[in-house]
Number of protein chains: 2
Amino acid sequence: MKSFIYILAAALCIAAVPANGQVKEDFKPAPNVQPGKQYPQVNSERCVRVRVVAPDAQSVKLDIGGVKYDLKKGADGAWIGESAPQDEGFHYYQLNIDGADVPDPSSLYYYGASRWGSGVDVPAVDEDFFTVKNVPQGQMREIYYWSEVNKAMRHCFVYTPAEYDTNPTKRYPVLYLQHGGGENEYGWPQQGHTAAIMDNLLAEGKAVPFIIVMDNGSWTMPRPAAPAAAPQGQRPPQAPQGQRPQGGQRPQGGGFAMPSNWADGIADTFVKDLIPMIDSRFRTIPDAAHRAMAGLSMGGMQTKTITVAHPEVFSNLGIFSGGTITVADCKNNPEFAKTLKLVFVSFGSRELENRAPGFGDGTDPRQETEELKASGVDAHFYVSPGTAHEWLSWRRALYQFAQLLFK
Amino acid sequence: MKSFIYILAAALCIAAVPANGQVKEDFKPAPNVQPGKQYPQVNSERCVRVRVVAPDAQSVKLDIGGVKYDLKKGADGAWIGESAPQDEGFHYYQLNIDGADVPDPSSLYYYGASRWGSGVDVPAVDEDFFTVKNVPQGQMREIYYWSEVNKAMRHCFVYTPAEYDTNPTKRYPVLYLQHGGGENEYGWPQQGHTAAIMDNLLAEGKAVPFIIVMDNGSWTMPRPAAPAAAPQGQRPPQAPQGQRPQGGQRPQGGGFAMPSNWADGIADTFVKDLIPMIDSRFRTIPDAAHRAMAGLSMGGMQTKTITVAHPEVFSNLGIFSGGTITVADCKNNPEFAKTLKLVFVSFGSRELENRAPGFGDGTDPRQETEELKASGVDAHFYVSPGTAHEWLSWRRALYQFAQLLFK
């Protein structure tokens with residue numbers, strides 16, 4: 001994980017060169033503005049401009065990509081200013097008002113960097129592939145389920161393709177798709193534009209229809225037995241988190257933990273609770289050949305851990321900016337190697353540029369994937385051009401991976 | 001509409017008596033805290049406490065219920081303070097940092113008061129009915145559809161009961177359920193806890209299963225014809241809003257308008273686009289007897305306008321804090337009166353207390369509903385105890401209304 005954080009920091013510093021003072025005045029509202037609001041804006045040089053009314057403040061800054069940019073106060077009491085050019089793609093950001101880190105009141109909010117807060121999309125040349133269009137529409141379904149492993153209700157999203165409801169007897173393969181560290185199960189439906197990507201691919205005949213399950217990558221350490229009856233004003237024992245998440249958030253409640261056995265905990269949650277629930281509530285093809293797991297960053301590492309340990313469950317896997325599968329992985333895990341059908345590994349080009357050829361732990365992921373392919377595995381390596389450790393890299397990775405899956 | 005705003009303001013002023021300085025120190029995190037955060041908190045006196053780190057600020061306030069409360073700065077640079085007692089239920093709020101109105105960076109975010117921002121639940125004595133429990137779980141589905149009336153993609157949520165997917169040939173009645181002014185289609189799924197309310201009712205056998213559709217109460221004034229091909233970097237013509245909403249938001253794009261013909265626009269959107277789409281994508285019983293419309297505040301007024309004008313579409317209706325149906329309404333609209341099956345009217349008690357007996361336009365909604373009942377209509381009047389013009393009133397209204405529908 002650490003190496004990816006370093007890469008992220010390095011990639012962002014490239015974008016941190018101050019603008020040259022001659023900002024091009026062709027700013028347009030980003031897709032992330034709230035209804036009726038006009039900021040954040042982005043210009044053709046990929047600078048992000050924000051505006052906030054703070055008449056009594058002494059200092060207001062825009063905090064994006066690890067750099068804080070001073071805003072200037074206008075005669076109307078509103079502070080305004082812009083960042084240096086950013087990479088194409090999605091960036092978390094915040095405002096700093098007299099020392100307080102707060103969300104931009106004009107932007108939409110996303111869960112990432114371990115908080116719900118502001119985000120901005122710097123328009124991508126290829127944004128068409130994740131744009132909602134008038135094509136047959138799938139559904140993004142919000143699901144709760146009881147987990148015996150967690151002793152709690154859990155929350156996930158399930159994408160079903162448009163044809164799911166019109167073919168009442170047809171069964172479908174399933175991709176389990178995981179977010180990164182500091183994010184949650186809202187990442188793929190929201191920042192990832194999963195439904196639009198799949199609807200567009202299916203409309204163009206570029207993918208076969210499958211179900212996608214997006215769960216939370218944390219697990220809840222079971223708490224001591226709850227009292228038989230919940231005292232007034234407390235949560236009842238059967239649903240510790242008490243309420244449906246509001247504003248699109250993960251259920252709160254029993255302390256989320258990432259202890260030394262977190263990998264076992266999330267693997268158990270998947271194998272014992274999530275997958276059986278999905279196979280019972282949806283028309284799946286419940287075998288390893290028709291099941292895939294993929295994830296970004298931390299979710300990629302979870303994917304490797306779980307798929308290598310459970311070849312009876314998954315035969316297909318994707319790792320986006322989260323490591324690789326090597327020939328050694330296969331040699332050391334003969335059962336895994338035997339049933340493995342598809343491996344997909346991807347990175348943003350800026351991640352590779354900043355570490356290549358010795359990437360992360362000193363290895364070259366492209367070379368590792370080539371070696372895996374040479375050993376007979378159906379392995380694919382993809383590089384997202386001009387992007388770092390962020391969601392445009394992962395939207396593109398899903399777009400590529402989905403075209404290879406279950407064919 | 002105006003009268004409801006007055007009532008809201010009046011009801012909130014009751015809660016605005018300053019705390020007596022002796023704040024009871026039994027604060028607990030509200031269900032609206034972000035993962036890992038501890039504020040906002042609420043104590044047993046229903047005071048709301050917030051905390052925000054703002055080391056260089058000169059003034060920080062909590063803005064809730066129309067009143068601003070000064071916070072105090074601690075030695076750690078964090079500002080902390082609390083409101084006077086609030087009503088049970090859900091309240092939008094914000095922080096004010098040196099004159100800047102911003103969301104609380106610790107809270108979850110909701111769309112209301114025409115912005116995505118902070119909200120806090122003051123625990124309700126009866127919160128069990130909208131708590132997520134380990135009972136058979138329905139699904140909250142996110143849907144996009146093309147609207148010819150709006151010449152745009154629109155976005156709604158559809159709740160399906162748990163049994164929907166296990167009875168592949170059974171058809172269901174449908175309730176169209178609308179939010180209030182300054183809110184959007186996320187209101188009922190999030191603040192309203194619609195899925196939990198329905199799942200719990202169904203688990204207890206208190207309601208018959210039906211589908212619920214939650215759409216946006218605005219309509220988009222069609223824009224001039226888009227160019228045949230979208231220039232680089234712009235939205236393609238078939239999807240003006242460009243992307244799936246992120247962070248749980250309504251698609252942006254073509255200027256949303258509420259012109260003089262807004263009622264016609266939303267009625268047309270429902271009758272010509274939304275309802276046919278729902279009847280084609282879901283297993284509905286597509287007749288008026290098995291269709292209901294309900295809404296809160298502005299949504300209640302839309303409900304009355306649309307159901308009275310379209311008796312061929314709806315035979316059942318609910319108006320939550322948004323007016324009444326009178327005997328005169330029936331006399332003046334004989335087709336409406338002929339097919340009308342069920343009328344449900346509700347208010348929060350504080351709304352009635354502040355205007356009764358002359359409510360709003362000088363009438364008494366309870367008396368009007370009694371007269372309607374005496375005229376032979378299956379009419380019901382419900383008062384939510386101790387609540388004003390907010391979501392606890394409307395959660396309870398749905399809970400009551402759902403038990404009467406389609407029986």
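No experiment lies behind these values; they were computed from the predicted model shown. Lettering follows sequence order; numbering is per chain, from 1.
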Study note, to complete from the structure: Which of A:W391, A:W188, A:F130, A:Y159 passes ring-ring contact (aromatic ring centres under 6.0 Å, His included) with A:H193? It is A:F130
Point to revise | A:Y164 six-ring centre to A:R283 NZ/CZ under 6.0 Å and within 45° of normal | key: yes
Review point. What part of A:F282 is in contact with chain B, defined as an atom under 4.5 angstrom from a non-hydrogen atom: side chain, backbone, both or neither?
Key: side chain
Practice item. Indicate, with yes or no, if the rings of A:H155 and A:Y186 have centres closer together than 6.0 Å. Key: yes
Practice item. Could you tell me which portion of A:D101 (side chain, backbone, both or neither) has an atom closer than 4.5 angstrom to a non-hydrogen atom of chain B? Key: backbone
Review point. Do B:W116 and A:Y109 have ring centres separated by under 6.0 Å?
Key: no
Review point. Given the options A:R281, A:Q139, A:Q94, which has more heavy-atom pairs under 4.5 Å with chain B than any of the others?
Key: A:Q139
